[in-house]
Amino acid sequence: METTIIIPQKTNAPSYVSYSAKPTVLRTQQTSKLEKWLVSFCKQLTLFYLACITIKKPVQILKAYRQLMQLRRQTWGAQVHKMYKVDGRYYNNLYNPGWPSAAYNAFLKDELLRHAFPLQYTGRLSMVFFAITRKCPLRCEHCFEWDNLNKKETFTREELIKIVDLYQQQGAIQIHFSGGEPMVRIHDLVEVIKHAKKRSECFVLTSGFNLTATNAKRLKEAGCKGVVVSIDHYIPELHNGFRRHASSFEQAVNGVQHALHAGLVVTLSICVTKSFIDGGHLMPYMQFAKTLGAHFVQLLEPKNIGHYANKEVLLEETHILQLEQFFKSINSDKKYKDFPFVMYHGFHQRRVGCYAGSRSIYIDSAGDVNACPFCHTKSYNVGDILRAKRKQTPMKENRCPRFGKIA
Ligand code: SF4
C-alpha cells in the first residue's frame, strides 16, 4: 500500500528575519544547464578512463560501473539535478571531493576497485571525522560528545598532525574536523589544515562560534574547502534554546556569511527532531537556508546517545517517511532547483547500509575510534597507537551497529 505524505508548505511560526541583524545574502553560484551537462559528461569520461587504468578487464569494468550506478540510485532515490561551483570545483555531494581534483580521482579509483574486486579489496579509509578538541562554549540538547566535553585536551598540535599523517597513509581523502567546537583551537586548526590539505580535502564542522570574517579567511587560505555550520532552527530563540546559548544563532548566521564570502562550501546541519517535523518547519527551514545562500543542508536524525542518552528521541516511521519524501522532492523536483542540496544519510542507510565502517571512521575528542559520531562503537584509541609509535592502525572492525556497512 502506498503512503502519501504531505510536505507542509506553510507554518504560523514567526519568520527567522525577526533576527535583528538581517544577513547580507551572498547568492551561491548557480551552475547552468549546459555547464551541468558538460561537467557530468567529463565526470563520466574521467570514470571511464580511471576504470580502464585501474581495473583493466572489460567485464570487471562493466560490473563495477553497473554497481556504482546502482549505489548512486539507491543513495539518492531520484534523479538529482543540483550542482554547485565553488572556487573552481563542482560539488554535488558533501561527502565526495569536488571535481576536478586529485582527491576526486583518488575517491573514484577507490570506489571502482572496491566494486570490481570485492573479495581481494582490503578496504582503504576514505573519510575521517576528527574531533580535535574537548572544549565547547555551548551545551546542546543533542550533543553526542557530551561525556567528553570540557576536560583537559587529549592531543597537542604536533599529535594532531601525526594522527592526520597516520590516516592519510591509509587513504583519507576527506577529513572533517570537529570537536567540541574546533574553532576554539583556531590557531592549531589552521596549522593542521595546512599540513593535511596536501593529501586530503578538509572541512570544519562548527556551531559558528569564532567563525569571524578573519577566521573564515584564515581557514580558506590554509586550504580548507568548506564548513558545516549547525543551525537547528530558523527561529533564533528556538535555535538558541536548543544550543543553550543566547547568541548561538547570531554567530551561526554570521559565520555562514563569512564562510561564503571567503569562498568556502557551506552546509547547514540540522538535528531534525520530532517536534520540528510535526511543527511543519521543514520547508520554512529550506527557504531560510536558500536565503542564507547555503550549498547543502544536512538532515541528521536524533540519536539516543550523549546528552540524548536514555531519552525518547528516535524518530517514528511517519517522521522518517516525511523526511524521505522531502529529501527526494527538494533534490529532484524542478520547482526546488534553487534550493540547497539536501543530504540525508537515513535514506540510503535504510536501503543499502551505512558508509561508516567501510569508508569512514570517527575519532572522538578522547581519541577513541568509532564507526561514526552517532554510534559509539569504540574499537581502539588512537593515542595508544601514537604512544606505541605504530605506523598502522588496527583493521577497521567497527561497523555501524544500526544499519550494517556498505561493501
Ligand atoms: S553538539 Fe557540538 S556545539 Fe553542541 S555542545 Fe556538543 S560539541 Fe558543543
Side-chain angles (χ1 to χ4, degrees), residues 3 5 7-8 74-78 93-95 127 129 131 138 140-147 176 178 205 207 228-234 238-239 241-243 267-286 288-289 294 296-331 340-362 364 370-377 398-406:
T3 316
I5 302 291
I7 297 175
Q74 286 169 321
T75 299
W76 298 106
N93 185 337
L94 173 62
Y95 295 108
M127 155 118 22
F129 293 91
L138 308 189
C140 305
E141 187 177 304
H142 69 316
C143 180
F144 50 80
E145 273 289 305
W146 190 253
D147 300 327
H176 289 231
S178 68
L205 316 188
S207 65
V228 179
V229 183
S230 297
I231 303 188
D232 296 293
H233 216 295
Y234 57 94
L238 296 185
H239 171 84
F242 188 86
R243 297 255 152 194
T267 302
L268 303 193
S269 184
I270 169 172
C271 176
V272 200
T273 61
K274 290 189 238 189
S275 62
F276 187 90
I277 300 170
D278 291 339
H281 296 296
L282 280 170
M283 194 53 84
Y285 184 91
M286 283 310 292
F288 160 72
F296 295 95
V297 165
Q298 173 170 257
L299 307 176
L300 297 176
E301 292 179 26
K303 298 277 156 55
N304 44 6
I305 55 158
H307 206 189
Y308 265 162
N310 307 318
K311 302 210 172 108
E312 298 276 320
V313 294
L314 296 180
L315 298 183
E316 287 159 20
E317 188 82 21
T318 52
H319 300 117
I320 291 163
L321 285 169
Q322 282 192 61
L323 285 184
E324 291 191 345
Q325 168 126 350
F326 184 75
F327 162 72
K328 286 197 286 185
S329 167
I330 296 284
N331 285 346
F341 215 123
V342 176
M343 306 290 302
Y344 175 40
H345 309 297
F347 187 86
H348 68 255
Q349 283 169 329
R350 291 189 173 84
R351 285 159 179 80
V352 284
C354 181
Y355 290 99
S358 67
R359 288 154 178 83
S360 66
I361 53 156
Y362 173 58
D364 72 20
N370 306 275
C372 93
F374 309 106
C375 305
H376 289 179
T377 52
N398 47 6
R399 66 203 293 270
C400 172
R402 287 185 171 86
F403 303 108
K405 68 176 182 181
I406 296 173

Hey, could you give me each pair passing side-chain hydrogen bond (donor to acceptor under 3.5 Å, both in side chains) that has a residue in residues 307-317? Not counting sequence neighbours. E141-Y308
Contacts of L238 that satisfy side-chain contact (heavy atoms from CB on, under 4.5 Å) - sequence neighbours left out: H233, I235
Would you name the heavy atoms of P284 and G280 that are closest together and state the gap between them? CD-O, 3.4 Å
N331: side-chain hydrogen bond (donor to acceptor under 3.5 Å, both in side chains) partners, not counting sequence neighbours: none
I want to check something: taking the side chain as every heavy atom from C-beta on, are F327 and L282 in contact at a cut-off of under 4.5 Å? no
Side chains of F276 and I270, heavy atoms from C-beta outward: is any pair under 4.5 Å? yes
Can you see which heavy atom on C271 is nearest to which on H142, and at what distance? CB-CD2, 3.7 Å
Would you call the rings of F144 and F374 parallel, tilted or perpendicular if under 30° counts as parallel and over 60° as perpendicular? perpendicular
Stepwise, does the side-chain contact (heavy atoms from CB on, under 4.5 Å) test hold for F347 with W76? CA-CA 8 Å; F347 187 86; W76 298 106; over 6 Å; no
Those residues at least two apart in sequence (or on a different chain) that pass side-chain hydrogen bond (donor to acceptor under 3.5 Å, both in side chains) with Y95 are Q298
Test side-chain contact (heavy atoms from CB on, under 4.5 Å) on K274 and L315 and set out the steps. CA-CA 6 Å; K274 290 189 238 189; L315 298 183; 3.9 Å; yes
So, taking the atom named CD in Q349 and the one named OG1 in T75, what distance separates them when rounded to the nearest 0.5 Å? 10.5 Å
Once rounded to the nearest 0.5 Å, what's the spacing between atom CH2 of W146 and atom SG of C140? 8.0 Å
Hey, can you tell me if Y234 and F288 have their rings parallel, tilted or perpendicular (30° and 60° cut-offs)? tilted
Restricting to side-chain hydrogen bond (donor to acceptor under 3.5 Å, both in side chains), what partner residues turn up for S207, sequence neighbours left out? E181
Does the T377 side chain pair with the main chain of A371, one donor and one acceptor, at a distance under 3.5 Å? yes
With sequence neighbours left out, write down each residue that passes salt bridge (Lys or Arg N to Asp or Glu O under 4.0 Å) with E145, or none if nothing qualifies. none
Excluding sequence neighbours, so at least two apart, what forms ring pair (Phe, Tyr, Trp, His ring centres under 6.0 Å) with H319? none
Going through the distances and angles, do E301 and V313 end up as a side-chain contact (heavy atoms from CB on, under 4.5 Å)? CA-CA 9 Å; E301 292 179 26; V313 294; over 6 Å; no
4.5 Å side-chain heavy-atom contact, M286 and I330: yes
Nearest-0.5 Å distance that lies between atom CD1 in I277 and atom CG in L323: 4.0 Å
Taking the side chain as every heavy atom from C-beta outward, state whether H348 and Y355 have any pair of such atoms under 4.5 Å apart. yes
Got a second to check how far K303's NZ is from C372's SG, nearest 0.5 Å? 6.5 Å
Minimum heavy-atom distance C375-I305, with the two atoms named: N-CD1, 4.4 Å
Just to verify, what does S178 make a side-chain contact (heavy atoms from CB on, under 4.5 Å) with, not counting sequence neighbours? A131, L205, Y362
Is any side-chain heavy atom of H345 closer than 4.5 Å to one of L300? yes
Separation between OG of S230 and NE2 of H239, rounded to the nearest 0.5 Å: 7.5 Å
With rounding to the nearest 0.5 Å, note down the distance linking CD1 in I231 to OH in Y285. 5.5 Å
Taking only residues two or more places apart in sequence, or in another chain, which ones meet D232 in a salt bridge (Lys or Arg N to Asp or Glu O under 4.0 Å)? R243
L299/F326 under side-chain contact (heavy atoms from CB on, under 4.5 Å): CA gap, chis, key distance, verdict: CA-CA 10 Å; L299 307 176; F326 184 75; 4.2 Å; yes
